Structure formats: structure tokens, C-alpha cells
Visitor: 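What follows is a structure written as C-alpha cells; I'll ask about it next.
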Amino acid sequence: MDDGYIFDQSWKDEHARLRALEDVYDGQSRHRLAELGVAEGWQCLEVGCGAGSIARWLAQRVGTGGRVLAIASTHGSPSTTACPT
């Protein structure tokens with residue numbers, strides 16, 4: 001089934017590719033989110049969470065009083081990940 005996604009998610013190095021994207025973009029993403037004021041108690045949704053580094057960072061920021069829901073599409077089916085704080 002062609003889900004329209006350009007990269008083959010079953011590629012053996014897909015996780016490494018996602019991690020490389022995190023290395024390039026996470027600093028700016030964290031900076032922007034911090035500027036927005038993400039803090040204890042927030043409820044956050046991350047759509048297209050890649051390898052999950054921003055979701056984990058958000059979970060640390062919102063603490064036990066907040067929630068983070070991270071959604072990624074894997075082979076055309078959405079999946080969710082719980083991020084421990």
C-alpha cells in the first residue's frame with residue numbers, strides 16, 4: 001500500500017536517519033517551545049514525532065502534572081508512544 005510517505009520506514013537505518021534530523025533541528029525546536037512557555041502542567045500533542053526526542057523533552061518540561069501525546073505514522077498506521085517524565 002502506498003501511503004504517500006516518501007521514505008521507506010522499514011529501511012534498516014530509518015531510526016538513524018530520524019536521529020540525524022533531531023541532531024540538526026531539535027535545538028531550534030526546543031528554543032521555540034521554551035519561548036512559548038511550555039511548563040509544568042501543560043498538555044501537549046506532537047504529530048510526526050520521529051524518534052521521539054522532542055516528546056521526551058516536552059515530558060520533562062510538563063512534569064507529572066502534564067501530558068504529552070506523541071503520534072507517528074508507521075507504514076500508514078498511526079502509533080502513539082507514552083513518554084515517561
Side-chain angles (χ1 to χ4, degrees):
M1 177 178 140
D2 180 12
D3 61 9
Y5 190 67
I6 194 168
F7 296 103
D8 180 1
Q9 294 172 321
S10 64
W11 180 45
K12 67 178 181 67
D13 290 326
E14 177 64 1
H15 188 74
R17 184 186 73 80
L18 294 172
R19 295 300 306 243
L21 289 171
E22 291 174 348
D23 289 344
V24 172
Y25 295 110
D26 276 12
Q28 186 65 27
S29 296
R30 287 190 302 267
H31 175 77
R32 295 277 184 203
L33 290 165
E35 280 185 332
L36 285 172
V38 174
E40 180 76 33
W42 274 44
Q43 294 185 22
C44 304
L45 170 65
E46 184 183 10
V47 178
C49 62
S53 63
I54 293 297
R56 288 187 296 275
W57 181 86
L58 285 168
Q60 291 175 344
R61 295 284 292 223
V62 304
T64 57
R67 287 182 48 166
V68 175
L69 176 62
I71 300 174
S73 176
T74 305
H75 301 290
S77 302
S79 62
T80 58
T81 302
C83 292
T85 54

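Since this is a predicted model, take the numbers as computed values, not measurements.
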Visitor: Taking the side chain as everything from C-beta on, heavy atoms only, tell me whether Gln28 gets closer than 4.5 Å to Arg32.
Guide: yes

Visitor: Testing the basics here: between Glu40 and Gly65, what is the closest heavy-atom pair and its distance to 0.1 Å?
Guide: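 Heavy atoms only, the tightest pair is OE2-N, 3.3 Å.
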
Visitor: When rounded to the nearest 0.5 angstrom, what is the spacing between CG in Leu45 and CZ in Arg67?
Guide: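 Atom-to-atom, Leu45:CG and Arg67:CZ are 10.5 Å apart.
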
Visitor: For the residue pair Ala51 and Arg19, what are the closest heavy atoms and their distance?
Guide: CB-CD, 3.7 Å

Visitor: Using every non-hydrogen atom in the two residues, find where Leu18 and Gly50 come nearest and quote the distance to one decimal.
Guide: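 So the two residues come closest at CD1-C, 3.8 Å.
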
Visitor: How far does CD of Glu22 sit from CD1 of Ile54, to the nearest 0.5 angstrom?
Guide: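 Nearest 0.5 Å value for the CD-CD1 distance: 7.5 Å.
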
Visitor: How close do Cys44 and Val38 get, counting heavy atoms only, and between which atoms?
Guide: SG-CG1, 4.4 Å

Visitor: Could you measure the distance from the CG atom of Leu33 to the CH2 atom of Trp57? Nearest 0.5 Å is fine.
Guide: 5.0 Å

